[in-house]
Amino acid sequence: MTQSIEIKLKEMNITLPASSNPAAQYTNYVIVNGVMFVSGKGPSGQPRGKLGSTYTTQEGYEFARTTGIEILAVLKDALGSLDKVKRVVKIQGFVNAEPGFEEHHKVLNGTSDLMYKVFGEKGVHARSVLGAVSVRDNLPIIVDSIFEVEE
């Protein structure tokens, strides 16, 4: 018998926040044929600034981790239980970075590592990460995500 994700989060000292509301005319998620697309999320606390000047790679990693927690909050809100996640399919990060910044992949590891720790092998996913000259609200990172879920 596998351990409940809710218990695992408690053991990891992670408390999910209320899922944030969209800031415009879109929804937090869409589910189509068992695939859940979660709209881009940023880190909790609404930090502002760029990697490579305002923030270090390690700080970016922590921002990506808290962004992952924001994504988990949307999943929980939508599905009622994180145990309904069958697979993390893809994570895509948009890192707000200075032109010379080259550690985007290390920043997005904050989300990837969290998904693996929470979901185990089901948390291993495809991913891509891009450096952005700017993102909404000057957040340091935005993460889009796709999951296979039980409907």
Side-chain angles (χ1 to χ4, degrees), residues 1-49 51 55-97 103-132 135-151:
M1 184 163 185
T2 60
Q3 181 183 38
S4 163
I5 299 298
E6 312 296 327
I7 293 170
K8 191 180 283 189
L9 288 176
K10 213 174 257 194
E11 289 174 355
M12 294 171 66
N13 293 318
I14 295 175
T15 302
L16 297 181
S19 60
S20 60
N21 292 317
Q25 189 57 36
Y26 62 94
T27 185
N28 267 338
Y29 65 90
V30 172
I31 300 173
V32 178
N33 297 326
V35 178
M36 183 172 174
F37 300 82
V38 178
S39 294
K41 293 292 171 190
S44 56
Q46 299 289 307
R48 307 269 195 272
L51 276 290
Y55 299 113
T56 66
T57 299
Q58 184 57 43
E59 288 170 313
Y61 177 97
E62 291 303 322
F63 291 139
R65 184 180 181 281
T66 65
T67 300
I69 292 170
E70 294 287 331
I71 293 166
L72 293 175
V74 172
L75 290 166
K76 170 87 164 105
D77 186 48
L79 302 171
S81 170
L82 292 174
D83 295 320
K84 291 185 176 181
V85 174
K86 292 181 173 181
R87 173 92 198 205
V88 182
V89 176
K90 184 165 185 185
I91 300 293
Q92 183 169 346
F94 300 89
V95 178
N96 187 10
E103 296 187 326
H104 307 80
H105 61 292
K106 292 179 181 179
V107 170
L108 191 56
N109 283 346
T111 303
S112 294
D113 291 348
L114 176 71
M115 294 301 163
Y116 180 73
K117 287 175 184 169
V118 170
F119 296 108
E121 288 302 313
K122 296 187 308 183
V124 177
H125 52 271
R127 80 174 207 184
S128 56
V129 61
L130 305 162
V135 300
R136 71 174 164 84
D137 298 328
N138 199 29
L139 295 172
I141 187 168
I142 303 279
V143 178
D144 281 340
S145 49
I146 304 170
F147 299 83
E148 180 185 13
V149 299
E150 293 175 23
E151 291 189 76

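When reading the values below, keep in mind they use all heavy atoms of this one structure, side chains included, and skip hydrogens, waters and symmetry mates.
Atom-to-atom distance recorded for Ile91:CD1 and Ser145:OG is 5.0 Å, nearest 0.5 angstrom. A distance of 10.5 Å separates OG1 of Thr67 from NZ of Lys41, quoted to the nearest 0.5 Å. Residue Lys117 holds its NZ atom at 14.0 Å from CD of Glu11, rounded to the nearest 0.5 Å. With rounding to the nearest 0.5 Å, the separation of CZ in Phe94 from CG in Asp144 is 5.0 Å. Distance CG/Leu139 to CZ/Phe63: 9.5 Å, rounded to 0.5 Å. Rounding to the nearest 0.5 angstrom, the gap separating the CG atom in Asp113 from the CZ atom in Arg65 is 9.5 Å.
With respect to Tyr116, the side-chain hydrogen bond (donor to acceptor under 3.5 Å, both in side chains) criterion is satisfied by exactly one of His125, Lys122, Glu121: Glu121.
Counting all heavy atoms, side chain and backbone alike, Ala78 lies closest to Met36 at CB-CE, 3.5 Å. Here the closest non-hydrogen pair linking Met115 and Gly68 is CE-O, 3.8 Å. The two atoms that bring Glu150 and Asp83 nearest to each other are OE2-O, 4.2 Å, heavy atoms only. The two residues Leu114 and Ile69 come nearest to each other via the heavy atoms CD2-N, 3.6 Å. Considering every non-hydrogen atom in both Gly123 and Val88, the closest pair reads CA-CG2, 3.7 Å. For Leu72 against Leu82, the heavy-atom pair with the smallest separation is O-CD2, 3.6 Å.
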Could you go through the side-chain contact (heavy atoms from CB on, under 4.5 Å) check for Val85 and Val118 one step at a time?
CA-CA 11 Å; Val85 174; Val118 170; over 6 Å; no
Under the side-chain contact (heavy atoms from CB on, under 4.5 Å) rule, what do Ile141 and Val135 come out as? Steps first, then yes or no, please.
CA-CA 8 Å; Ile141 187 168; Val135 300; over 6 Å; no
Evaluation steps, side-chain contact (heavy atoms from CB on, under 4.5 Å), between Ser19 and Lys76:
CA-CA 9 Å; Ser19 60; Lys76 170 87 164 105; over 6 Å; no
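Using modelled atom types, one finds no donor on one side chain facing an acceptor on the other under 3.5 Å when comparing Arg48 with Asn96.
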